[in-house]
Amino acid sequence: MQKYIETNRQRFINELLDWLRIPSISADLHYKNDVRKAGEFVKDKLIEAGADKVELCETAGNPIVYGEKIIDAKLPTVLVYGHYDVQPPDPLELWTSPPFEPVIKDEKIYARGACDDKGQVYMHVKAFEVMMKTNSLPCNVKFMIEGEEEIGSNNLGIFVKANKERLKADVILISDTGMIANDIPSIDCGLRGLSYIEVEVTGPNRDLHSGVYGGAVANPINVLCEMIASLKDENLHIKIPNFYDDVVELSVEDRAELNRAPFNLDNYKKDLNIEDIRGEKGYTTVERTGIRPTLDVNGMWGGYTGEGAKTVLPSKAFAKISMRLVPNQNSEKITELFQKHFESIAPKSVKVIVKPHHGGEPAVTPTDTIAYKAASNAMEETFGKKPIPTRGGGSIPIVAMFEKELGLKTVLFGFGLDSDAIHSPNEHYGLFNYFKGIETIPIFFRNYAEMSK
Ligand code: BES
Ligand code: MN
Ligand code: MN
């Protein structure tokens, strides 16, 4: 197997680069055709690798790529999930090379989607090819690769509900998360949920002269800032009533266990070029991103933002706000609590509209399953170290849905690094990580089939 990977190394890189050249930005409808092209690309590659029943399944939005290889109905089935859509690349001027013209620098592939998630999905496509070409696929495999993960996976939910039979499997395998470091392998065993909201604050019926009216009429940007600032207390605890009602507090032992994961604060600060960190009092950084909910402004606009200075008291202000949720918070419930509270704190001098966007539920994935052990042992074999179970701070809403709709547990088999700059300018993915994935995935399959006997 290793020999096959080495012989085909350059082609495995080149194919991924070709895929990365397609700007499959799901958030921007201008790229709808490119999103589809990226789906077709991976469809073709699955066929070439030897998958059966490969098709582009139409949805109300972007198509879902499905494919399978059933070698024996009596053997277990692994359902591999991933996404071929990517985040918008903005701000473009901060990229050192164009986001859709991938380049390899210092043994890393630089491009939007290099790590999240095309690079990690393609590890599975190539690992599958390796197993097919070396006659070593030990169980059944199904692929479901969607094009709307970065915008909330709404149509995937519908697809899953309508295709329960076709998606029948024993475990879900997803490479769309990260690990601690290249010499410290880890496996995420939890993901946060998400409530995403947009707010619009309207003051006077038109933009005003900020001298003629300033000081006497509510400035919606000022008001919005004050409202947002009031959402947290001095300990950075969120002040929305009932917000923490359903949060699962970990036991002292579980917290100690979580904090045993290696974490170097100096490197963390250096990587982000910050003098200090900031977060909820009473929790460590690992806890703040792993087991605690958050509230963050993702974007805010209004008034004059062009060249030079224009003296204006704006009519409107906007913000996009996200809350990361932890078990057992519920996205819909938190969105409602936010809406009720935000409307209640609006001064009479402005009108406030709260528009809910997409959401997703948090998830915990078990470590006491055959699949987890198969993954852990596979990483131990290729990294020479047993991976540490961790909690991921990001969200993959479909994980909770797979459990609810298909009754299936997930293994988050991620090979990225926090420093890969996913969603940021200069996203990249190490060739080390790409090939570690291609090498480790077949070992997972071997272990899983073996242990399922
Ligand atoms: N792959 C990420 C999620 C992720 C990254 C989980 C790193 C754990 C560690 C995924 O593509 C993503 O970005 N999800 C969105 C959620 C979605 C509803 C827009 C997110 O977390 O913001
Ligand atoms: Mn992703
Ligand atoms: Mn993402």
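Both ligands and their constituent atoms are indexed starting at 1 by order of listing.
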J.: Which of the numbered atoms in ligand 1 are under 4.0 angstrom from any heavy atom belonging to H83?
T.: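 Atoms satisfying the 4.0 Å criterion: 11 (O).
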J.: For atom 4 (C) of ligand 1, what's the nearest protein heavy-atom neighbour? Residue, atom name and distance, please.
T.: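 Looking at atom 4 (C) of ligand 1, the protein heavy atom closest to it is D176 O, 3.7 Å.
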J.: For ligand 1, is there an atom lying under 4.0 Å from some heavy atom of D117?
T.: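 D117 does not count as a contact of ligand 1 under the 4.0 Å cut-off.
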J.: S395 versus ligand 1: do any nitrogen or oxygen atoms come within less than 3.5 Å of each other?
T.: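 N/O-N/O distance under 3.5 Å: yes.
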J.: Please say whether the positively charged group of R166, taken as NZ for Lys or CZ for Arg, lies over the ring of Y66, i.e. under 6.0 angstrom from the six-membered ring centre and within 45 degrees of the axis.
T.: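 Yes.
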J.: Quick check on contacts: which atoms of ligand 1 are under 4.0 angstrom from a heavy atom of L191?
T.: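 What qualifies from ligand 1 is 6 (C), 8 (C).
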J.: Can you tell which of V141, L173, T410, I172 makes a side chain to side chain contact (heavy atoms under 4.5 Å, CB included) with L79?
T.: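 Exactly one candidate clears the test, I172.
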J.: Report the nearest protein non-hydrogen atom to atom 5 (C) of ligand 1: residue, atom name, distance rounded to 0.1 Å.
T.: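 Result for atom 5 (C) of ligand 1: I422 CD1, 3.7 Å.
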J.: For F318, give me all partners under ring-ring contact (aromatic ring centres under 6.0 Å, His included), at least two apart in sequence or on another chain.
T.: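 Only W301 meet the ring-ring contact (aromatic ring centres under 6.0 Å, His included) criterion with F318.
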J.: Strictly below 4.0 Å, N to O, side chains only: are E439 and K126 in salt-bridge contact?
T.: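 Not counted as a salt bridge, because no side-chain N and carboxylate O are separated by less than 4.0 Å.
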J.: Looking only at heavy atoms of P397, does any of them come nearer than 4.0 Å to an atom of ligand 1?
T.: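 P397 counts as a contact of ligand 1 under the 4.0 Å cut-off.
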J.: If we only consider heavy atoms of Q87, is any one of them less than 4.0 Å away from an atom in ligand 1?
T.: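 It does not; every heavy atom stays at 4.0 Å or beyond.
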J.: Do the side chains of E361 and R192 get close enough for a salt bridge, i.e. N-O under 4.0 angstrom?
T.: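 A salt bridge is absent here (no side-chain N lies under 4.0 Å from a carboxylate O).
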J.: Measure up the Y81 and F402 rings against each other and bin them: parallel (under 30°), tilted (30 to 60°), perpendicular (over 60°).
T.: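 Perpendicular, since the angle between the ring planes exceeds 60°.
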J.: Measure distances from the Mn ion (ligand 2) and count the protein N, O or S atoms below 2.8 Å.
T.: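 The number of such protein atoms is 4.
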J.: With the threshold set at 4.0 Å, does a side-chain nitrogen-carboxylate oxygen contact exist between E55 and K43?
T.: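 No, E55 and K43 are not salt-bridged.
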J.: Mind checking salt bridge (charged side-chain N to carboxylate O under 4.0 Å, His left out) for E275 and listing every partner two or more places apart, or none if nothing turns up?
T.: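 With sequence neighbours excluded, E275 shows a salt bridge (charged side-chain N to carboxylate O under 4.0 Å, His left out) to no residue whatsoever.
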J.: Based purely on interatomic distance, does E150 place a nitrogen or oxygen under 3.5 Å from a nitrogen or oxygen of ligand 1?
T.: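 Among all N and O atoms of E150, at least one is under 3.5 Å from an N or O of ligand 1.
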J.: Please list the nearest protein heavy atom to atom 9 (C) of ligand 1 with its residue and the distance rounded to 0.1 Å.
T.: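 In this structure, atom 9 (C) of ligand 1 has T177 CA, 4.0 Å as its nearest protein heavy atom.
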J.: Does NZ or CZ of K105 come closer than 6.0 Å to the centre of the six-membered ring of Y110, within 45° of the ring's axis?
T.: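 K105 over Y110 ring: yes.
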J.: For F338, enumerate each residue passing the ring-ring contact (aromatic ring centres under 6.0 Å, His included) test, keeping only those at least two apart in sequence or located in another chain.
T.: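 Result, ring-ring contact (aromatic ring centres under 6.0 Å, His included) vs F338: F342.
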J.: Could you pull out, from E149, H358, R324, the option with a heavy atom nearest to atom 20 (C) of ligand 1?
T.: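 Ranked by closest heavy atom to atom 20 (C) of ligand 1, first place is R324.
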J.: Tell me the protein heavy atom at minimum distance from atom 6 (C) of ligand 1, and give that distance in Å.
T.: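 The protein heavy atom lying closest is G394 CA, 3.6 Å.
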